[in-house]
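Everything quoted here is computed from the prediction, not taken from an experiment. Heads up: numbering here begins at 1 and tracks the sequence.
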Amino acid sequence: MDADVFDPNCPSRQVLDRIGDRWSVLVVLTLAAGTLRHGEIAARIGGITPKMLTQTLRALERDGLVARTVYAEVPPRVEYALTELGHDLVGLTRQLERWAEAHMPDVEAARAAYDARVTASSR
């Protein structure tokens with residue numbers, strides 16, 4: 001079977017959904033710097049709740065993008081790192097990061113123009 005992200009039943013669609021969700025790109029970008037603990041990741045990503053970070057890390061681990069290592073210490077220490085597959089995604093996420101930061105003024109201007117049109121047409 002050929003991959004087709006436009007087919008809702010194709011596993012490639014699930015992968016695209018994973019890397020395109022609200023938090024996955026930010027987690028991948030954060031872990032690109034190296035191995036980190038849960039709290040260190042949370043401190044870097046403003047606005048993410050501990051529960052959502054845990055869910056995102058689990059989903060990325062399930063998809064083979066993140067490795068979770070538990071150390072038998074008291075208290076237990078858990079670290080997260082990108083796998084080889086996860087590192088392969090870093091270039092793409094960096095491009096998205098650069099595009100978003102470079103084009104934010106354009107997006108803000110487009111939003112303001114749209115909002116002005118919608119407000120004017122609703123009068």
Side-chain angles (χ1 to χ4, degrees):
M1 174 178 147
D2 293 330
D4 180 3
V5 296
F6 294 97
D7 178 351
N9 299 314
C10 182
S12 66
R13 173 81 161 262
Q14 295 170 358
V15 173
L16 189 61
D17 289 345
R18 166 68 46 235
I19 62 174
D21 77 13
R22 182 173 182 180
W23 301 110
S24 292
V25 169
L26 296 174
V27 169
V28 169
L29 286 170
T30 299
L31 289 174
T35 301
L36 296 170
R37 296 176 71 173
H38 191 279
E40 295 169 320
I41 300 167
R44 176 69 178 106
I45 303 174
I48 193 168
T49 65
K51 178 182 176 184
M52 187 51 59
L53 177 55
T54 297
Q55 289 176 352
T56 302
L57 286 166
R58 284 182 184 158
L60 291 169
E61 181 182 9
R62 181 173 185 253
D63 288 345
L65 300 170
V66 168
R68 179 178 185 263
T69 305
V70 180
Y71 296 92
E73 301 174 353
V74 178
R77 178 171 49 109
V78 179
E79 294 180 339
Y80 299 90
L82 292 177
T83 62
E84 186 175 330
L85 189 60
H87 277 287
D88 195 42
L89 188 57
V90 171
L92 177 61
T93 58
R94 289 255 185 255
Q95 287 179 308
L96 288 169
E97 174 187 32
R98 284 191 294 272
W99 186 93
E101 290 174 349
H103 292 285
M104 196 58 231
D106 301 320
V107 172
E108 287 175 334
R111 287 176 179 172
Y114 175 87
D115 291 346
R117 285 193 314 274
V118 169
T119 301
S121 69
S122 66
R123 289 185 188 157

Student: Do E108 and R111 sit within salt-bridge range, that is, some charged N less than 4.0 Å from a carboxylate O?
Tutor: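 Between R111 and E108 there is no salt bridge, as every charged N stays at least 4.0 Å from the carboxylate O atoms.
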Student: Is there a path of hydrophobic side-chain contacts, each under 4.5 Å between heavy atoms of I/L/V/M/F/W/Y residues, joining L16 to F6?
Tutor: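 Yes: a chain of side-chain contacts under 4.5 Å links F6 to L16.
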Student: Once you round to the nearest 0.5 Å, how far does CE of M52 lie from CD1 of I45?
Tutor: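 Here the interatomic distance stands at 12.0 Å.
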Student: Could you list the donor-acceptor pairs under 3.5 angstrom formed by side chains in residues 73-83, with sequence neighbours left out?
Tutor:
from : atom 1 : to  : atom 2 : distance (Å)
E73  : OE1    : R77 : NE     : 3.3
E73  : OE2    : R77 : NE     : 3.4
E73  : OE2    : R77 : NH2    : 3.0
R77  : NH1    : E79 : OE2    : 2.8
E79  : OE1    : Y71 : OH     : 3.2
Y80  : OH     : R68 : NE     : 3.4
T83  : OG1    : G64 : O      : 2.5
T83  : OG1    : L65 : O      : 3.3
T83  : OG1    : L85 : N      : 3.3
T83  : OG1    : G86 : N      : 3.1

Student: What's the spacing between W23 CH2 and L57 CG if we round to 0.5 Å?
Tutor: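 CG of L57 is found 12.5 Å from CH2 of W23.
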Student: At what distance, to the nearest 0.5 angstrom, does CG of L31 lie from CG of L26?
Tutor: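 Nearest 0.5 Å value for the CG-CG distance: 11.0 Å.
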Student: Is it true that V25 and L92 fall in one hydrophobic cluster, defined by side-chain heavy atoms closer than 4.5 Å?
Tutor: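 No, because V25 and L92 fall into different hydrophobic clusters, even though each may have its own neighbours under 4.5 Å.
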Student: Which atom names give the shortest non-hydrogen contact between A3 and C10, and what distance separates them?
Tutor: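 Smallest heavy-atom distance, with atoms named: CA-SG, 3.8 Å.
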Student: Nearest 0.5 Å, please: how far is CZ in R37 from OG1 in T69?
Tutor: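 T69 atom OG1 to R37 atom CZ measures 12.0 Å (nearest 0.5 Å).
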Student: I need the N9 CG to Q14 CD distance, nearest 0.5 Å.
Tutor: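 Those atoms lie 9.0 Å apart.
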Student: Quick one: do V70 and V66 end up in the same hydrophobic cluster if we chain Ile, Leu, Val, Met, Phe, Trp and Tyr together by side-chain heavy atoms under 4.5 Å apart?
Tutor: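 Per the 4.5 Å side-chain linkage, V70 and V66 are co-clustered.
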Student: Looking only at atom types and distance, does a side-chain atom of T93 sit under 3.5 Å from a main-chain N or O of V90, one as donor and one as acceptor?
Tutor: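 Yes, because the side chain of T93 sits within donor-acceptor range (under 3.5 Å) of the backbone of V90.
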Student: So T30 and L36, do their side chains get closer than 4.5 Å, heavy atoms only?
Tutor: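 Counting from C-beta outward, L36 and T30 do come under 4.5 Å.
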Student: Going through the checks in order, is the salt bridge (Lys or Arg N to Asp or Glu O under 4.0 Å) test met by E61 and R58?
Tutor: CA-CA 5 Å; E61 181 182 9; R58 284 182 184 158; over 6 Å; no
Student: Given side chains that start at C-beta, do those of R44 and I41 come closer than 4.5 Å, heavy atoms only?
Tutor: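 A side-chain contact under 4.5 Å is absent here.
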Student: Given D7 and R13, is the side-chain contact (heavy atoms from CB on, under 4.5 Å) satisfied, shown in steps?
Tutor: CA-CA 7 Å; D7 178 351; R13 173 81 161 262; 5.7 Å; no
Student: Which residue is it: L60, D63, D17? I am looking for the one with a side chain to side chain contact (heavy atoms under 4.5 Å, CB included) to S24.
Tutor: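 Only one option passes, and that is L60.
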